[in-house]
S.K.: 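Pasting a structure below so you can have a look.
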Amino acid sequence: MTVEKVAVSTVGTVEKVAIVTAGGSGMGAAAAKRLARDGYKVAILSSSGKGEALAAELGGIGVTGSNQSNDDLKRLVDATVAKWGRVDVLVNSAGHGPRAPILDITDEQWHQGIDVYFLNVVRPVRLVAPIMKAQRKGSIVNISTAWVSQPSAMFPTSAVARAGLAVYTKIFTDTFAADNIRMNNVLPGWIDSLPATEERRDSVPMQRYGTSDEIAAAIAFLASDEASYITGQSLRVDGGLIRSV
């Protein structure tokens, strides 16, 4: 479906539509559930098949595929527009990239980290931004990491790639804010979808892990009209783990 047809088909439409990539489990799945509860029709991409099952449960569309595949993402976006005629929200989640001591990371692993943690956003945004521009409205929320500004040696490829994502977000905002398309990042700290350790818990001022539902609540806020004047920002949701002015 062309962008022009999307623009026409949205006239009189009251349904809100959200796409969630890497949404089969963890924070992506929690975001899909929260957005569905908030009244969105949801379309979910996941590589495991869990996204299709969750989408069926939520009355949405599920595609089994990878956010590293332009073809799989296009199938998802095309199916979404064919069914509902618009895309109001795009939530970009991610899988897990390589982890190793910094000098042990190979060129191939660095490239894989960029694929997992940066291009996972670039690819779907290329497809969805023109649709949102035709609508003159849209919100994109990327799940990043609390360690993007104060990196941990534990997550080298994530921190490096997502530092690039922070810059990409600012450039995108400069380009599309006048079209009423917003992009923001959520920066989770230690979340319950990760293995829990006492040392990690003690490092958090709130003395606990966050929950996937708490990340989903932040995503839902940034996606909503209540955040209509917020764009180009990175919101930490980490229990006070990283503090800076």
Side-chain angles (χ1 to χ4, degrees), residues 6 10 13-46 51 54-55 58-62 67 73 76-77 80-81 83-94 120-145 162 165-166 168-170 172-173 175-188 191 210-238:
V6 172
T10 59
T13 300
V14 296
E15 292 177 327
K16 300 181 294 182
V17 179
I19 291 177
V20 182
T21 66
S25 61
M27 292 178 281
K33 292 175 185 176
R34 173 57 187 261
L35 290 168
R37 194 165 78 239
D38 288 351
Y40 287 85
K41 302 295 184 181
V42 294
I44 303 172
L45 177 78
S46 79
L54 178 58
L58 299 175
I61 295 170
N67 59 6
L73 287 162
L76 177 71
V77 174
T80 303
V81 173
K83 186 171 180 65
W84 294 306
R86 63 185 298 117
V87 180
D88 298 283
V89 172
L90 169 64
V91 177
N92 292 307
S93 186
N120 73 302
V121 171
V122 173
R123 293 184 186 102
V125 168
R126 280 197 202 108
L127 297 170
V128 168
I131 298 169
M132 291 179 169
K133 184 173 182 177
Q135 298 167 178
R136 298 288 299 171
K137 186 176 184 181
S139 177
I140 300 169
V141 184
N142 308 314
I143 300 177
S144 182
T145 176
R162 283 163 162 167
L165 175 60
Y168 174 88
T169 297
K170 293 176 182 179
F172 182 92
T173 298
T175 307
F176 288 102
D179 295 304
N180 200 27
I181 305 172
R182 299 182 295 109
M183 179 183 285
N184 294 288
N185 300 318
V186 170
L187 313 185
I191 303 301
T211 69
S212 294
D213 286 343
E214 287 173 316
I215 302 302
I219 292 168
F221 167 67
L222 289 173
S224 74
D225 288 342
E226 293 180 332
S228 59
Y229 202 51
I230 301 174
T231 191
Q233 305 302 312
S234 292
L235 175 64
R236 293 186 181 91
V237 188
D238 63 3

S.K.: Using the rule given for side-chain contact (heavy atoms from CB on, under 4.5 Å), can you reason through Arg136 versus Asp179, listing the C-alpha separation, both sets of side-chain angles and the distance that settles it, and then say yes or no?
M.R.: CA-CA 5 Å; Arg136 298 288 299 171; Asp179 295 304; 2.8 Å; yes
S.K.: Does the side chain of Ile215 reach to within under 4.5 Å of the side chain of Thr211, using non-hydrogen atoms?
M.R.: no
S.K.: Begin from the C-alpha positions of Thr175 and Thr173 and carry the test side-chain contact (heavy atoms from CB on, under 4.5 Å) through to its verdict.
M.R.: CA-CA 5 Å; Thr175 307; Thr173 298; over 6 Å; no
S.K.: Closest heavy-atom contact between Gly138 and Met132?
M.R.: CA-SD, 3.6 Å
S.K.: Working note: Val77 + Val128, criterion side-chain contact (heavy atoms from CB on, under 4.5 Å); need CA distance, chi angles, decisive distance, verdict.
M.R.: CA-CA 7 Å; Val77 174; Val128 168; 4.0 Å; yes
S.K.: If I take atom CG from residue Leu90 and atom CD1 from residue Ile181, how far apart are they, to the nearest 0.5 angstrom?
M.R.: 11.0 Å
S.K.: Return the CG to CD1 distance between Asp213 and Ile191, rounded to the nearest 0.5 Å.
M.R.: 10.5 Å
S.K.: Could you measure the distance from the CD1 atom of Ile44 to the CD1 atom of Ile61? Nearest 0.5 Å is fine.
M.R.: 10.5 Å
S.K.: To the nearest 0.5 Å, what is the distance between CZ on Phe221 and CG on Asn184?
M.R.: 9.0 Å
S.K.: Could you please spell out the steps behind the side-chain contact (heavy atoms from CB on, under 4.5 Å) verdict for Val186 and Val141?
M.R.: CA-CA 7 Å; Val186 170; Val141 184; 3.8 Å; yes
S.K.: Distance from Ile140 atom CD1 to Asp88 atom CG, nearest 0.5 Å?
M.R.: 11.5 Å
S.K.: How close do Ala166 and Asn185 get, counting heavy atoms only, and between which atoms?
M.R.: CA-ND2, 4.0 Å
S.K.: Do the non-hydrogen side-chain atoms of Phe176 and Met183 ever get within less than 4.5 Å of each other?
M.R.: no
S.K.: Check whether Thr231 reaches the backbone of Arg182 with its side chain - one donor and one acceptor, N or O, closer than 3.5 Å.
M.R.: no
S.K.: Between Asp238 and Pro188 (side chain of the first, backbone of the second, donor and acceptor by atom type, cut-off under 3.5 Å), is there such a pair?
M.R.: no
S.K.: Do you know which two heavy atoms are closest between Phe172 and Ala129, and how far apart they sit?
M.R.: CE1-CB, 4.1 Å
S.K.: Who pairs with Ala36 by side-chain contact (heavy atoms from CB on, under 4.5 Å), at least two apart in sequence or on another chain?
M.R.: Val42, Leu58
S.K.: Do Val17 and Tyr40 have side-chain heavy atoms sitting under 4.5 Å apart?
M.R.: no
S.K.: Can you tell me how far apart CD1 (Ile19) and CG (Leu45) are? Round to the nearest 0.5 Å.
M.R.: 9.5 Å
S.K.: Can you give me every donor-acceptor pair (side chain of residues 21-35, partner residue at least two apart or in another chain, under 3.5 Å) with its distance?
M.R.:
from	atom 1	to	atom 2	distance (Å)
Thr21	OG1	Ser93	N	3.4
Arg34	NE	Asp38	OD1	3.3
Arg34	NE	Asp38	OD2	3.2

S.K.: Closest approach of Thr80 and Arg86, non-hydrogen atoms and distance?
M.R.: CG2-O, 4.0 Å
S.K.: Take Asn142 and Asn92 through the test side-chain hydrogen bond (donor to acceptor under 3.5 Å, both in side chains) and record every step on the way to the result.
M.R.: CA-CA 5 Å; Asn142 308 314; Asn92 292 307; 2.9 Å; yes
S.K.: Could you report the tightest heavy-atom contact between Trp84 and Gly59, atom names first, then the distance?
M.R.: CZ2-O, 4.3 Å
S.K.: Work out which heavy atom in Val237 is nearest to a heavy atom in Glu214; give both atom names and the distance.
M.R.: CG1-O, 4.4 Å
S.K.: Sorted by first residue and then second, give each salt bridge (charged side-chain N to carboxylate O under 4.0 Å, His left out) pair with at least one member in residues 217-228; sequence neighbours left out.
M.R.: Lys137-Asp225
S.K.: So does Val87 get a backbone contact from the side chain of Gln135, meaning a donor-acceptor N/O pair under 3.5 Å?
M.R.: yes
S.K.: Under 3.5 Å, is there a donor-acceptor pair between the side chain of Gln233 and the main chain of Ile230?
M.R.: no
